[in-house]
Amino acid sequence: MQGLEVELAGMRLRNPTMLASGIMGLSAASLRRAIKGGAGAVVAKSCSSQPREGNPNPTVVEIPTGLLNSVGLANPGCAELAEELGRCRGEVPVVASVYGFSTREYAACAQVVERAGVDAVELNLSCPNVEGTVFGYSEELAREVVEEVKRRVRVPVFAKLTADAGDIVSVAAACEDAGADGITAINTLRAMAIDVTTARPVLGNRVGGLSGRCLKPVALRCVYEIAEEVSIPVIGCGGVTTGRDAVEFLLAGARAVQIGTGVLYRGMSVFRKVSMEIAEYMEEKGYSRVDELVGLAHR
Ligand code: RRO
């Protein structure tokens, strides 16, 4: 498909779709499936310095307009995950998502995955499912993490933020100021479901993160407002399922879009399908390059 290539913080993507960090990205095999499904880049599941088992079951529940998860950062630890990521290098950019309970842990994890040869690091400053500080709730804390990681690694660093923060736009601006190479907006939103039969919360952890179609208007608003404020690239994430969804994010100012729950709705070939649908839109409207769409809604 011609005209879909985008440049993102120095990386060349064959199209603007990326696998979002989440349940798919713990093994080289699952990342390769997304690459085969047409993804322009892949983001692995977030990792911490020590392995984590995650939260009690049930950790994933489907609701009519999306998905609730309370996985709890289950991962084998950044050293083991880094080895897996090393096995995926080559075809498309591979991005590691790192999490830390402290600034120092973020930096240490980022260094481990960089040594494994990943193309970029996404800082998960916004996980809704672990006890402890959410660095992305605070301009100061987000700034501190980005500054420290930028001191330690040379690959591009993206900051993944949440609309649960009081003011996501100010946090994004602080991350840009601290040297971030891009902003991913947004992570899941804190949410819950209650089983009326048992009169108990459905998720084992009671509260989790909401993803899927219902998230799109919120994510789109965040991308639009962040793009007004920062000049680094913005990556849209939240409810992208169709090419039309992706186009909305591009028009709002995103340079690329991440797809997570959309994989559940349309399978691993969702990346190819969305790319083809973007191309159809471009042809219909007479655009020859996808980056012509970026930010057009700001006129
Ligand atoms: O693992 C999770 O529970 C999780 C993470 Br790290 C995240 O960033 N967002 C999410 O919805 N779930």
Side-chain angles (χ1 to χ4, degrees), residues 18-27 30-31 42-63 65-78 80-81 84-85 95-102 105-106 109-110 113 121-137 141-142 145 157-165 168 171 175 183-193 201-216 218-219 222 235-240 258-264:
M18 302 170 69
L19 173 69
S21 178
I23 45 178
M24 295 308 305
L26 266 177
S27 70
S30 62
L31 292 173
V42 290
V43 189
K45 166 82 184 149
S46 296
C47 59
S48 46
S49 60
Q50 297 303 314
R52 284 177 53 92
E53 285 203 353
N55 288 326
N57 284 325
T59 56
V60 182
V61 47
E62 195 171 356
I63 57 169
T65 50
L67 208 65
L68 290 168
N69 89 82
S70 59
V71 173
L73 195 67
N75 79 95
C78 62
E80 195 174 320
L81 192 74
E84 278 295 303
L85 300 186
V95 183
S97 168
V98 304
Y99 181 87
F101 290 88
S102 65
E105 184 179 353
Y106 272 106
C109 281
V113 294
V121 170
E122 184 176 85
L123 300 174
N124 184 350
L125 300 175
S126 45
C127 175
N129 294 330
V130 281
E131 295 277 318
T133 311
V134 181
F135 287 76
Y137 283 177
L141 294 178
V145 173
V157 173
F158 305 128
K160 185 167 182 179
L161 304 182
T162 173
D164 282 335
I168 189 175
V171 179
C175 290
I183 302 292
T184 305
I186 55 174
N187 207 318
T188 57
L189 294 176
R190 277 168 60 76
M192 73 183 300
V202 176
L203 290 168
N205 193 48
R206 293 164 183 260
V207 171
L210 178 66
S211 62
R213 288 193 176 97
C214 56
L215 214 62
K216 195 186 79 177
V218 178
C222 291
I235 304 167
C237 182
V240 177
Q258 295 185 353
I259 304 175
T261 308
V263 173
L264 185 88

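Counting starts at 1 for both ligands and their atoms, in listed order. In this text, all values refer to a predicted model and were calculated from it rather than measured experimentally.
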task = Can you see which heavy atom on Gln258 is nearest to which on Ser21, and at what distance?
result =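 Reported closest heavy-atom pair: OE1-N, 4.4 Å.
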
Considering non-hydrogen atoms of the protein only, which is the closest contact for [atom], and what is the distance?
{"atom": "atom 9 (N) of ligand 1", "answer": "Asn187 OD1, 2.9 Å"}
{"atom": "atom 11 (O) of ligand 1", "answer": "Thr188 OG1, 2.6 Å"}
{"atom": "atom 12 (N) of ligand 1", "answer": "Asn69 OD1, 3.0 Å"}
{"atom": "atom 5 (C) of ligand 1", "answer": "Cys127 SG, 3.4 Å"}
{"atom": "atom 1 (O) of ligand 1", "answer": "Lys45 NZ, 2.5 Å"}

Do ligand 1 and [X] have nitrogen or oxygen atoms that lie under 3.5 Å from each other?
{"X": "Leu73", "value": "yes"}
{"X": "Ser70", "value": "no"}
{"X": "Val71", "value": "yes"}
{"X": "Gly72", "value": "yes"}

key: Pick from Val130, Val134, Asn205, Asn129: the one approaching atom 4 (C) of ligand 1 most closely through a non-hydrogen atom   =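 Residue with the shortest heavy-atom distance to the ligand atom: Asn129.
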
ask   = Roughly how far apart are Ser70 OG and Arg190 CZ, rounded to 0.5 Å?
value =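 The OG atom of Ser70 sits 11.0 Å away from the CZ atom of Arg190.
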
query = Rounded to the nearest 0.5 Å, how far does CZ of Phe101 lie from CD of Glu131?
reply =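 It comes to 9.5 Å.
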
Set of side-chain contact (heavy atoms from CB on, under 4.5 Å) partners for Glu84, sequence neighbours left out =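 Applying side-chain contact (heavy atoms from CB on, under 4.5 Å) to Glu84 gives Ser27, Ala28, Arg87.
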
query = Val61: what forms a side-chain contact (heavy atoms from CB on, under 4.5 Å) with it, not counting sequence neighbours?
reply =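 Partners of Val61 under the side-chain contact (heavy atoms from CB on, under 4.5 Å) test: Leu68, Val202, Leu203.
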
key: Leu81: which of Val98, Leu26, Val113, Asn75 passes side-chain contact (heavy atoms from CB on, under 4.5 Å)   =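 Single side-chain contact (heavy atoms from CB on, under 4.5 Å) partner of Leu81 among Val98, Leu26, Val113, Asn75: Leu26.
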
key: Proximity to ligand 1 by part of Ser126, non-hydrogen separation under 4.0 Å   =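 Under 4.0 Å from ligand 1, Ser126 contributes no heavy atoms.
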
task = With heavy atoms only and a cut-off of under 4.0 Å, state how Asn55 meets ligand 1: side chain, backbone, both or neither.
result =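 For Asn55, there is no contact with ligand 1 at all, from either part.
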
key: Element-labelled atoms of ligand 1 that are located less than 4.0 Å from some non-hydrogen atom of Asn124   =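 Per the distance check, 6 (Br), 7 (C), 8 (O).
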
Among Asn129, Asn55, Thr59, the one residue meeting side chain to side chain donor-acceptor pair (under 3.5 Å) with Asn69 =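 Result for side chain to side chain donor-acceptor pair (under 3.5 Å) with Asn69: Asn129.
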
query = What about the rings of Tyr106 and Phe135, do their centers lie closer together than 6.0 Å?
reply =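 Judged by ring-centre distance (under 6.0 Å), Tyr106 and Phe135 do meet the cut-off.
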
query = Would you call Cys127 and Tyr99 a side-chain contact if the rule is heavy atoms closer than 4.5 Å?
reply =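 Yes, side chains in contact.
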
